[in-house]
Undergrad: 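Below is the structure I would like to discuss, written out as structure tokens.
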There are 2 protein chains.
Amino acid sequence: MALSEREIIELLKKELSLPAAFEDAEAIPFKGTQLIVTTDMLSEGDDFPLGTPHYAMGWIASAANISDLGARGANPLGFLMSWGIPALAEQQIREIARGIRECADFHGTKCIGGDMNQTEKINLCGTAFGWTDKPLSRSGAREGDAIAVTGPLGATAAAYLTRWNRLEGYDGLLARFDRPIARLDLMQELNSKGLVNAAIDDSDGFAPSVHGICSESRKGALLRFEDVPIFNGVGEFAEKEKKDLLYLINMGNDYEMFMTIAEENFEEAKKVAKKHGCGLSGVGRITSGKVLIERDGKTEELPAKGFAHFSV
Amino acid sequence: MALSEREIIELLKKELSLPAAFEDAEAIPFKGTQLIVTTDMLSEGDDFPLGTPHYAMGWIASAANISDLGARGANPLGFLMSWGIPALAEQQIREIARGIRECADFHGTKCIGGDMNQTEKINLCGTAFGWTDKPLSRSGAREGDAIAVTGPLGATAAAYLTRWNRLEGYDGLLARFDRPIARLDLMQELNSKGLVNAAIDDSDGFAPSVHGICSESRKGALLRFEDVPIFNGVGEFAEKEKKDLLYLINMGNDYEMFMTIAEENFEEAKKVAKKHGCGLSGVGRITSGKVLIERDGKTEELPAKGFAHFSV
């Protein structure tokens, strides 16, 4: 019986004496501040379904790492990209590089180096560096905090399934998949203003992200499914392709940020978000109980399970 | 026509506006010192031939990154490891983790986190962090410097070919392959004492490493092949398997360090090396001319070419 991703990670945390807490990025005390470091590997197949443009691979691999810095509210110092690629055409290599460069530029950071390797399938492994005196954490949620998300969810999952199953008619979702925006500058400003109690990016999906905050903070939540913002066209996709919306948003990787915010700070946080061109939707509240969700008039426990490697 | 590894890297340096200089690790000015960051991806096949124990994969992937910190004379802050693995047995995962942990412990550093992914073949991508006020560089060689190497070469190539071609009788070479020692603490001390002018680790092989120093320093070299230390048993391997010794040491990844040292510092540097349990063999001198090698009484230009990805 093969181990699940979670079981593998629990095992490694023991074997490597890693910090017990799960965070989007690690913090190293250094020269009176905290270095924030994070790594994310993305591969053809699991992360880049057939048909994903090479430009998008470079952009997404960069955004995934930048987003993890954002979850800690860090100032970026740059990132490295290790490439594992088969013998690609020069133009394909250029397109991956262009995706990396344009994503870095867009987010105000820079790829400063890397490593080149020959592999059978494309495998991009980034590592981003940043710093902050006070990193945001998954563990800071307090009872009564609003739970908020920075933007509409579900486009990544729908686009992934569109490519995977070779569906047609969902170009808007594919475009969103190919060029995700990481909430780096927003999270820096919210962090520097002390407006956020806990944060996590949505890479593991809606339910795992909320559970991630709740389990690290030893809290519960009451969520309202109807308040979760859904990306334009994902509702139609769900209906037409017979997918449950919760299943779609649980696939994650929309590069939006979940956070908890004290009631008295919510309006100011919203203003900051608006300045950065995104919304901040309240989707529930932190409680002292279990993680519950209201949907269609019923309140039920929300299972923690979202997308995981090694689950099929 | 596919691009060579060097051509790909040159292309990326332009596309990503990376520093023109080639170094083992990148330096980021931070809080009055320099952060040193480096990434190295190792994969089944190219880096881990069939038969490589899982323990060795974890050790080698860690050592490769630690060695790059050493080449810059940095103090380690820790490293991240991204895992791409198929569904392995729990014991295999534990063995990779044990290799990572024991390699980190041995070198006085620590794996502090990572990322888990499902891939068809094992792919370990590490990123190491360190710092130093004055990073060593490939570009500091001066005319008249002695060129020195920290230990005997060729074991990695011979062991690789042993596994690749399923040869028998070379267990000592396999043991050396599976547990390489990175010259981290030695290089820190040599750097802090100002004894080294230029440094590079041998991951690209003997000739590319010497050329790496010479081209970044705009210098030449006169090497004596007979002075290059060869690992125990590699001579016999070369003879029996009909491989040229220069070909073997050009495959690299012995995790020894090449450096250039001013004449007046060489004896003191040797003492430091001895303290760290390794030698420091002079193999030639930095000149203002071309990169030449004396072998069997003849002096010829040394081609820069060693092992490269995308070369077959």
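Just so we're on the same page: letters track the sequence lines, and every chain starts at 1. Small disclaimer: the values here were computed from a predicted structure and weren't measured.
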Undergrad: Atom CG in A:Leu88, atom CD1 in B:Ile8: separation rounded to 0.5 Å?
TA: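 Between A:Leu88 CG and B:Ile8 CD1, I get 7.5 Å after rounding to 0.5 Å.
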Undergrad: Which one wins on heavy-atom pair count under 4.5 Å against chain A: B:Thr127, B:Leu35, B:Asp115?
TA: B:Asp115
Undergrad: Between A:Val37, A:Ile93, A:Thr33, A:Leu42, which residue shows the highest count of heavy-atom pairs closer than 4.5 Å to chain B?
TA: A:Val37
Undergrad: Can you say whether the rings of A:Phe30 and B:Phe30 are parallel (under 30°), tilted (30 to 60°) or perpendicular (over 60°)?
TA: parallel
Undergrad: Could you look at B:Glu44 and say if it's the side chain, the backbone, both or neither that has a heavy atom under 4.5 Å from chain A?
TA: neither
Undergrad: Report, by ascending residue number, the residues of residues 9-17 of chain A in heavy-atom contact with chain B at a distance under 4.5 Å; give 'none' if the set is empty.
TA: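 Within residues 9-17 of chain A, the residues under 4.5 Å from chain B are A:Ile9, A:Leu11, A:Leu12, A:Glu15, A:Leu16, A:Ser17.
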Undergrad: Of the backbone (N, CA, C, O) and the side chain (C-beta and beyond), which part of A:Glu26 lies under 4.5 Å from a heavy atom of chain B, both, or neither?
TA: side chain
Undergrad: Kindly indicate whether the side chain of A:Lys31, heavy atoms from C-beta on, has any atom under 4.5 Å from the side chain of B:Trp131.
TA: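 A side-chain contact exists here, since the closest heavy-atom pair is under 4.5 Å.
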Undergrad: What closest approach, in Å, do A:Met41 and B:Cys125 show between heavy atoms, and which atom pair accounts for it?
TA: CE-CB, 3.9 Å
Undergrad: Taking 4.5 Å as the heavy-atom cut-off, does anything in residues 59-71 of chain A contact chain B, and if so which residues?
TA: none
Undergrad: Which atoms of A:Glu23 come close to chain B, meaning under 4.5 Å heavy atom to heavy atom: side chain ones, backbone ones, both, or neither?
TA: neither
Undergrad: Who passes side-chain hydrogen bond (donor to acceptor under 3.5 Å, both in side chains) against A:Gln92, sequence neighbours left out?
TA: none
Undergrad: Can you find a heavy atom in the side chain of A:Asn117 that is under 4.5 Å from one in the side chain of B:Asp46?
TA: no
Undergrad: Looking at every non-hydrogen atom in both residues, tell me the closest pair between B:Ser82 and A:Thr39 and how far apart they are.
TA: OG-OG1, 3.0 Å
Undergrad: Sub-4.5 Å heavy-atom contacts with chain B: which residues of residues 94-113 of chain A show up?
TA: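 Answer by number: A:Arg94, A:Ala97, A:Ile100, A:Arg101, A:Lys110, A:Cys111, A:Ile112, A:Gly113.
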